Amino acid sequence: MRRVEHVMGFPVSLRVDDADVPERAADAVFAWLREVDERFSPFRPGSEVACHGRGELARHELSEDLVEVLDLCEHYRRATGGAFDVRPPGRGFDPCAVVKGWAVQRGAQLLRAAGARRFCLNAGGDVVVSGGPWRVGVRHPEHADMLCTTLELTHGAVATSARYERGDHIVDGRTGRPATALLSVTVTAATLTEADPIATAAFAMGPEGIDWAASQPGCEVFAVLPGGRVLRSEGFPVGEGVPRAA
């Protein structure tokens with residue numbers, strides 16, 4: 001089974017290799033992602049996130065899902081000393097750095113509940129896989145038609161934060177200024193709920209974020225610095241046949 005749809009502002013592709021998984025499993029995943037877009041987009045004036053950001057919904061009035069997202073946001077704000085902040089100075093409330101990975105990981109859980117054992121769910125370059133090995137390419141931050149690395153995962157997730165899609169959109173919450181010290185950060189973890197915000201947080205922190213991300217339980221890191229220098233943690237799962245970075 002293969003499916004591609006444009007949801008939450010980016011293409012989402014799904015591949016399920018199990019022959020006994022019904023098409024309705026994919027329907028459920030994409031319906032869930034569309035629901036998340038309606039409820040959690042800060043760009044939709046009537047969404048729960050937008051209403052909370054304007055102060056129209058107090059915490060005790062929020063859904064359990066949004067409370068869970070807010071708790072994750074606060075966890076990473078504290079863990080990074082404020083570098084990761086969904087309420088940065090001069091900008092509105094925007095939890096997208098947590099919502100995307102959290103929502104896609106929930107989609108993967110729906111697939112497993114439907115009996116899927118071997119699948120790949122790719123949401124704009126952030127990926128959850130099961131039943132591999134799967135080979136995942138990471139786009140080069142300066143050359144759109146090139147990869148900077150390829151990695152191999154059996155079960156787990158990989159997320160990349162970079163400047164190439166949306167420009168200087170990641171802000172260091174400690175200063176309120178765009179984070180520009182890194183070109184890209186790729187993180188692998190057990191879940192995309194972890195990999196996505198940790199990649200964003202590491203990018204916001206700058207070079208110090210590389211070691212911080214690598215210190216998070218179960219995480220491995222690959223980072224590209226200006227000038228093309230590459231740093232990666234020792235256990236980063238580089239794909240077979242791909243040379244180790246110096």
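Residues: numbered from 1 along the sequence shown. Please read all numbers here as calculations on a predicted model, not as lab measurements.
The distance from the CZ atom of R15 to the CZ atom of R2 is 4.5 Å, given to the nearest 0.5 Å. One finds the OG1 atom of T149 at 6.5 Å from the CG atom of L151 (value rounded to the nearest 0.5 Å). For the atom pair R232 CZ and C148 SG, the distance stands at 12.0 Å (nearest 0.5 Å). The CG atom of L66 sits 8.5 Å away from atom CG of L57, with the distance rounded to the nearest 0.5 Å. With rounding to the nearest 0.5 angstrom, the CD atom of E74 is 4.5 Å from the CZ atom of R78. Here the CD-CG distance, from Q216 to D211, works out to 11.5 Å after rounding to the nearest 0.5 Å.
Note on I170 and F10: same hydrophobic cluster, where clusters join Ile, Leu, Val, Met, Phe, Trp and Tyr whose side-chain heavy atoms are under 4.5 Å apart, directly or indirectly. By the criterion of side-chain heavy atoms lying less than 4.5 angstrom apart, applied directly or through intervening Ile, Leu, Val, Met, Phe, Trp or Tyr residues, V138 is not grouped with L147; the two fall into different hydrophobic clusters. Two different hydrophobic clusters hold M8 and V4 under the rule that ILVMFWY side chains link at heavy-atom gaps under 4.5 Å.
In this structure, L121 and V104 have side chains that are in contact, with non-hydrogen atoms separated by less than 4.5 Å. Using a 4.5 Å cut-off on side-chain heavy atoms (C-beta onward), V158 and D126 make no contact. In this structure, V12 and H6 have side chains that are not in contact, with every pair of non-hydrogen atoms separated by 4.5 Å or more. At a threshold of 4.5 Å between non-hydrogen side-chain atoms, the residues R117 and D20 count as touching. Between L111 and Q109, the closest side-chain pair of non-hydrogen atoms is not below 4.5 Å. With contacts defined as side-chain heavy-atom distances shorter than 4.5 Å, the pair R44/D37 qualifies. At least one side-chain heavy atom of L183 sits under 4.5 Å from a side-chain heavy atom of E142. In this structure the side chain of L62 reaches within 4.5 angstrom of the side chain of L70, judged on heavy atoms.
Judged by distance alone, with hydrogens and angles left aside, the side-chain atoms of H155 form a donor-acceptor pair with the main-chain N or O of G131 at under 3.5 Å. Looking only at distances, no side-chain donor or acceptor of S130 sits under 3.5 Å from a matching main-chain atom of F119. A distance-only check finds no donor-acceptor pair linking the side chain of T188 to the backbone of C219 [under 3.5 Å]. Put simply, the side chain of E194 gets close to the backbone of T191: a donor and an acceptor are under 3.5 Å apart. Counting only distance, with no hydrogens or angles, the side chain of N122 and the backbone of G125 share a donor-acceptor pair below 3.5 Å. At least one donor-acceptor pair closer than 3.5 Å links the side chain of W32 to the backbone N or O of A103. No donor-acceptor distance shorter than 3.5 angstrom exists from the side chain of R34 to the backbone of V29, with no hydrogens or angles considered. In terms of modelled atom types and a separation under 3.5 Å, the side chain of E220 and the main chain of G235 share a donor-acceptor contact. Using a distance-only test at 3.5 Å, with no hydrogens or angles considered, no donor-acceptor pair links the side chain of D85 to the main chain of G173. Checked by atom type and distance alone, the side chain of H143 never pairs as donor or acceptor with a backbone atom of D145 at under 3.5 Å.
Taking each heavy atom of A83 and M205 in turn, the nearest pair found is CB-CG, 3.6 Å. The nearest pair of heavy atoms linking S41 to S47 is O-OG, 2.6 Å. Scanning both residues, A181 and P226, for their nearest heavy atoms gives O-CD, 3.1 Å. Listed here is the closest heavy atom pair of A97 and D196: O-OD2, 3.6 Å. Of all the heavy atoms in S161 and F203, the pair that sits closest is O-CD1, 3.5 Å. Contact detail for C120 and V127: the closest heavy-atom pair is SG-CG1, 3.7 Å.
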Candidate pair E23 and M1, rule side chain to side chain contact (heavy atoms under 4.5 Å, CB included), full reasoning: CA-CA 7 Å; E23 194 75 27; M1 180 197 312; 3.8 Å; yes
Criterion salt bridge (Lys or Arg N to Asp or Glu O under 4.0 Å) on E208 and R174, from CA distance to verdict: CA-CA 14 Å; E208 66 179 294; R174 300 168 297 188; 3.2 Å; yes
Worked verdict on V129 versus T154 for side chain to side chain contact (heavy atoms under 4.5 Å, CB included): CA-CA 7 Å; V129 299; T154 298; over 6 Å; no
Trace of the side chain to side chain contact (heavy atoms under 4.5 Å, CB included) decision for R59 with V67: CA-CA 7 Å; R59 184 181 173 95; V67 170; 3.3 Å; yes
Intermediate values then yes/no, side chain to side chain contact (heavy atoms under 4.5 Å, CB included), L231 and V221: CA-CA 8 Å; L231 297 175; V221 186; over 6 Å; no
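Side-chain atoms of S184 and T160 include no donor-acceptor pair closer than 3.5 Å. Side-chain contact of S63 with R39: a donor-acceptor pair under 3.5 Å is present, judged by distance alone.
A salt bridge does not link E35 with R106: every distance from a Lys NZ or Arg NE/NH1/NH2 to an Asp or Glu carboxylate oxygen is 4.0 Å or more.
W102 has its ring centre less than 6.0 Å from the ring centre of F40.
Within a 6.0 Å sphere centred on CD of E56, other residues, nucleotides and ligands contribute more than 12 heavy atoms. At most 12 non-hydrogen atoms from other residues, nucleotides or ligands lie less than 6.0 angstrom from CZ of R229.
Ring geometry for F222 against F236 counts as tilted: the plane angle lies between 30° and 60°, on a 0 to 90° scale.
Taking the ring axis of F84 as reference, the NZ or CZ atom of R77 does not stay both within 45° of it and closer than 6.0 Å to the ring centre. The cationic group of R118 lies under 6.0 Å from the six-membered ring centre of W134 and within 45° of the ring axis, placing it in a cation-pi geometry.
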